[in-house]
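Every heavy atom of this structure was used, including side-chain atoms; hydrogens, water molecules and symmetry mates were not. Each chain gets a letter, A, B and so on, in the order the sequences are listed, and its residues count up from 1. None of these values were measured; they are calculated from a predicted model.
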Amino acid sequence: MATNLNSFDAIYQVVQLIPKGKVTSYGAIAAYLGMKGGARMVGWAMNASHTLENVPAHRVVNRNGILTGKNFFGGNRMQELLEEEGIQVKEDKIIGFQQHFWDPSSEL
DNA sequence: CATTTGACAGAGG
DNA sequence: CCCTCTGCCAAAT
């Protein structure tokens, strides 16, 4: 797919496609977009996306299921959003991460 | 144009 | 699981 999408836009699309109550990792998104190993780029996109509203970056965590970007959300905002979607978060990390994991490469 | 940086990932200890 | 080092890619300065 990747219809006329610029670097960041493609990432925003995938993040917006994450089902409610699900989460994914930067690497999974990067791999889906073909930039395996470019996971850092995904984080960069999120940094730019945090100014947007339709990008549920709170559903994107690192490979360990840790809310790496919670600091960018402003306090416990990220954790609250996840808990509202049925995801339990403890000490900045998702409980049963694999259980809530959503892989774009498999689901899309 | 070269260097630094960044919300990562994987391997090793 | 935590810490450290290396590898990757693109944007920002």
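Along DNA chain C, the nucleotide closest to A:Lys93 and the one closest to A:Lys36 are compared, and the more 5′ of them pairs with A:Lys93.
Protein atom NE2 of A:His50 is 13 Å distant from nucleotide atom C1' of B:dG6, rounded to whole Å. Between A:Asp103 atom CG and B:dA9 atom C1' there is a gap of 15 Å when expressed in whole angstrom units. Rounded to whole angstrom, the span from the CZ atom of A:Phe101 across to the P atom of B:dA9 amounts to 9 Å. Atom CG in A:Asn64 sits about 11 Å away from atom P in C:dC3, given to the nearest Å. A:Ile66 has its CD1 atom 12 Å from the C1' atom of B:dA9, to the nearest Å. Atom CG of A:Asp9 and atom C1' of C:dA11 are 14 Å apart (whole Å). In this entry the distance linking CE of A:Met35 with P of B:dG10 reads 16 Å, nearest Å. Rounded to whole angstrom, the span from the CE atom of A:Met46 across to the C1' atom of B:dT5 amounts to 18 Å.
OP1 and OP2 of B:dC8 both lie 4.0 Å or more from every side-chain N or O belonging to A:Ser25.
Between the side chain of A:Ser49 and the backbone N or O of A:Val55, no donor-acceptor pair lies under 3.5 Å.
Taking hydrophobic clusters as Ile, Leu, Val, Met, Phe, Trp and Tyr residues chained together by side-chain heavy-atom distances below 4.5 Å, A:Val15 shares a cluster with A:Met41.
Using a 4.0 Å heavy-atom cutoff across all strands shown, A:Ala57 reaches at least one base atom of the nucleic acid. Within 4.0 Å (heavy atoms only), A:Asn47 reaches at least one base atom of the nucleic acid.
No hydrogens or angles were tested; on distance alone, a donor-acceptor pair under 3.5 Å links the side chain of A:Arg40 to the base of C:dC8.
Of the candidate nucleotides C:dA10, B:dA7, B:dA9, B:dA7 has the atom nearest to the side chain of A:Ser49. Among B:dG6, B:dA7, B:dA9, the nucleotide with an atom closest to any side-chain atom of A:Trp44 is B:dG6.
Remark: A:Glu107 does not engage A:Lys22 in a salt bridge, criterion side-chain N to carboxylate O under 4.0 Å.
Classified by interplanar angle (parallel below 30°, tilted 30° to 60°, perpendicular above 60°), the ring pair A:Phe73/A:His58 is perpendicular.
Taking CD of A:Gln79 as the reference point, atom CD of A:Glu84 lies at 12.0 Å (rounded to 0.5 Å).
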